[in-house]
Number of protein chains: 2
Amino acid sequence: MQISDRKKKILRAVVEEYIETAEPVGSKTIQYKAGLDCSPATIRNELADLCSKGYLEQPHTSAGRVPTAKGYRLYVNELMHQQKLSIEETETINASLSAKAEELDQLISDAGHMASLVTNYPAVSMTSQTPATIKRFDLIYIDPNTFIIVLLLTNDTVKNKLVHLPFSFEESMMTRLSAVFNASFTGITEDKITQILISSSERAVGDTMGLCSVIAGFVIETLSTVKSGGAVVTGEANLLKLPEFKDPEKAHRLMNYLSDTSNLSILPSLTQEGDVKVLIGPENVAEELKDSSVVLASYNAGDNMKGLIGVVGPTRMDYSSVAAKLSYIAASLSKLLGGGGTPPPGFGKLMIKGDDSDG
Amino acid sequence: MQISDRKKKILRAVVEEYIETAEPVGSKTIQYKAGLDCSPATIRNELADLCSKGYLEQPHTSAGRVPTAKGYRLYVNELMHQQKLSIEETETINASLSAKAEELDQLISDAGHMASLVTNYPAVSMTSQTPATIKRFDLIYIDPNTFIIVLLLTNDTVKNKLVHLPFSFEESMMTRLSAVFNASFTGITEDKITQILISSSERAVGDTMGLCSVIAGFVIETLSTVKSGGAVVTGEANLLKLPEFKDPEKAHRLMNYLSDTSNLSILPSLTQEGDVKVLIGPENVAEELKDSSVVLASYNAGDNMKGLIGVVGPTRMDYSSVAAKLSYIAASLSKLLGGGGTPPPGFGKLMIKGDDSDG
DNA sequence: TTTAGCACTCGAAAAGTCAGAGTGCTAAAG
DNA sequence: CTTTAGCACTCTGACTTTTCGAGTGCTAAA
């Protein structure tokens, strides 16, 4: 089904006006906004048509028009201007991200903050579950009862734990343990760590005190938490500024959904590095998101690890600006984290992928 | 100024009823609730008295009475029943806390979750800024371009960083660096790390490549972030269920305040380990909290580190239950973290400290 | 000092009113 | 066949009015 250029122009005007004002938009406004040289009456005819085709709807007879999910989809796919960030904006982002490449977790959470800040929507930030393994294993002997376990993972994060024991051991034991663990526990995924493996390690180092179990426990724990990835949600308060969430009930439902990070674990599967994905209203699977939209961008977070950053807002979301911003942040992060030579952040150039079922 | 027993009984009834219903409470309800054998008219007289003394107020002539901050204060200080937790509740808390003593940060954030979950209010959880210093310093050599810095701090947390450098160095350099840093950088606070110290270290190890600067940078960064402590706020969504926040504007203001964790840094100074502090409405210094209440409990988080857990809610807060719950959580955490033999969690036994300016 | 009785007050909710923005339709004009 | 002006109609949101009832304070009697 083809849509005339004029209809598209009108649709775009409706979407953009509605994004701005959150009020149903009428024919006169459109005439003005879209700069069309035809009368409101003509536009009304076109509007009626767009309504019957499912791109717009009326809250009630004799109100202005409001875009449907289908309308937004068309807008996002074809009609949307690709927005460029202002230099100011890029600078804010750069400054706040590059300044603190300190620690991965911190950086991820900062990225979420940043996204929320520049878009004024709640943001979610996470890394996804590429199963990690141990690249290198070290023990640091502190005193006869204390040592530190240091794990270097394949994704280049370092995890550690301080262990106090109720009995003492010799420093030489540390060396032996290191050797054995480096030999047996590196390069394997969590599920490969069995009791058998632990027992055989115990024999190998002559451990009668359960040291191996303690260490193996930490290893398992680390690998499994890395796998489950940490999701951070920031800026939920932004929701409350939006007219669509003036009903506390609605706001509460969404915020509750977001605050349970386990709900968010499906998100990573939806994107590929480098593109921005937009999910509009009912395109979301989760019931709680059916009348909200989600914009996601993923980035390369170091070897074989994927990062994800996204925002959640009403379907009336400024897709073009949000997409541009997320895309930029994601690209910056890729550059910062992904050793693997991702192209530099395109200045506004971005690919939008979405559900292409266009009626 | 003395208050008769009957007045106290009435005040208590008003507070508790109001806590439950959020509606101004009238004389008849009180008669019923407090089980007094006098007529509503008598109670009305008493109410008028309590009003004039400033413990209660009327939203408007001819509505029921509502407690003032002063009324809540009296209630919290003298009238409140000390609530015991149900076994079920203690079990929930125990299970969820002890299960994952894995990592300090994680535990702290979990504790916040827990507090928010059992109280149904937003919770804040943080450790406070006892200035930390380095207890021990280690470097792990990975390959000619890569090493890991491992810091053991006086509060027994371990921080690390993986460093990639664009040039290569020898393993022996690591040993020398370790020695120098262990000698010069342990036991000193952040502000003692000067350029002079760094330069002299560089000379000592023969570092012409800026290695010392990189490492010192991380040390400074670590010490200063530890000092600023991480605060986590959880369960903000709970606010929206409360009638006092049905106005999104109000909810937004408070949530915004809470989401800026730097606002929360004054809290730790308000409590001492082992007691629970209640700040009611205008007793709070921050403007944004003037019509909310805060309940804080602090705990011993390992040597010379203090943890803090608290919740924020409307002045109409179930102080007795909240205090009991926080106290229990705090005690559990003290037990889990504080090596220093804190007494076991008292089962409901708790001390409430508060602003004792009682009119 | 307590209590019953009563007039009074005030707010919240329900009902009613009104203006205006926007529509669809019809019929004329291009 | 498309566009446009005109017009009657619809519906909402804002505003006002009405009503109802819970709760009060006061007075006078117990």
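- Partner of Leu79(A) under the side chain to side chain contact (heavy atoms under 4.5 Å, CB included) criterion, out of Arg12(A), Glu16(A), Lys9(A): Arg12(A) alone.
- Of the side-chain N and O atoms in Arg65(B), one or more sit less than 4.0 angstrom from OP1 or OP2 of dT24(D).
- Across Arg73(B), Lys277(B), Lys290(B), a single residue satisfies salt bridge (charged side-chain N to carboxylate O under 4.0 Å, His left out) together with Glu283(B), and that is Arg73(B).
- Contact annotation: Ser62(A) does not reach the phosphate of dT12(D) (side-chain N/O to OP1 or OP2, under 4.0 Å).
- Between the P atom of dG20(C) and the NE2 atom of His60(A) lies a distance of 17 Å, rounded to the nearest Å.
- For the side-chain hydrogen bond (donor to acceptor under 3.5 Å, both in side chains) criterion with Ser320(A), the lone passing option out of His81(A), Gln83(A), Gln82(A) is Gln83(A).
- The closest side-chain donor-acceptor pair between Glu287(A) and Tyr257(A), if any, does not fall under 3.5 angstrom.
- A straight line from CG of Asp49(B) to C1' of dT24(D) spans 15 Å, rounded to a whole angstrom.
- In this structure, Thr61(B) does not reach the dC8(C) phosphate: none of its side-chain N or O atoms is under 4.0 Å from OP1 or OP2.
- Looking at Asn238(A) and Ser116(A), their side chains do bring a donor and an acceptor atom within 3.5 Å of each other.
- Here the P atom of nucleotide dT23(C) and the CG atom of Leu47(A) are 6 Å apart, to the nearest Å.
- Atoms CG (Asn45(A)) and C1' (dC25(C)) sit 10 Å apart, rounded to a whole Å.
- Where Asp37(B) and Pro59(B) each meet DNA chain C at their nearest nucleotide, the meeting point lying more 5' is that of Asp37(B).
- Distance Leu56(B) CG to dG25(D) C1': 16 Å, rounded to the nearest Å.
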Practice prompt. Represent DNA chain D in dot-bracket notation, 5' to 3'. Only Watson-Crick or G-U wobble pairs with both distances under 3.5 Å count; pseudoknot-style crossings use [ ] and interstrand partners use |.
Written response: ||||||||||||||||||||||||||||||
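- Separating the CD1 atom of Ile43(A) from the C1' atom of dT4(D) is a distance of 12 Å, rounded to the nearest angstrom.
- For the residue pair Tyr328(A) / Glu89(A), no side-chain donor-acceptor distance below 3.5 Å is found, with atom types taken as modelled.
- Listed nucleotides dC25(C), dT24(D), dT3(C) differ in distance to Arg44(A); the shortest reach to its side chain belongs to dC25(C).
- In this structure, Glu57(A) places its CD atom 14 Å from P of dT23(C), rounding to the nearest Å.
- Other residues, nucleotides and ligands contribute only 12 or fewer heavy atoms inside 6.0 Å of the NZ atom of Lys28(B).
- Tested against Val14(B) for a side chain to side chain contact (heavy atoms under 4.5 Å, CB included), the candidates Ile43(B), Val66(B), Leu47(B) yield a single pass: Leu47(B).
- Contacts between residues 28-36 of chain A and DNA chain D, counted as heavy-atom distances below 4.0 Å, involve no residue at all.
- Side chains of Ile280(B) and Tyr319(B) form a contact here, defined as non-hydrogen atoms less than 4.5 Å apart.
- Between the P atom of dT24(D) and the CD atom of Glu23(B) lies a distance of 14 Å, rounded to the nearest Å.
- Taking only side-chain nitrogens and oxygens, Thr42(A) comes nearer than 4.0 Å to OP1 or OP2 of dT4(D).
- Side-chain atoms of Ser292(B) and Asn284(B) form no donor-acceptor pair, as typed in the model, at a separation below 3.5 Å.
- Note on Ser39(A): a side-chain N or O is less than 4.0 Å away from OP1 or OP2 of dT4(D).
- When distances are taken from the side chain of Ala41(A) to each of dT9(C), dA5(D), dA21(C), the shortest belongs to dA5(D).
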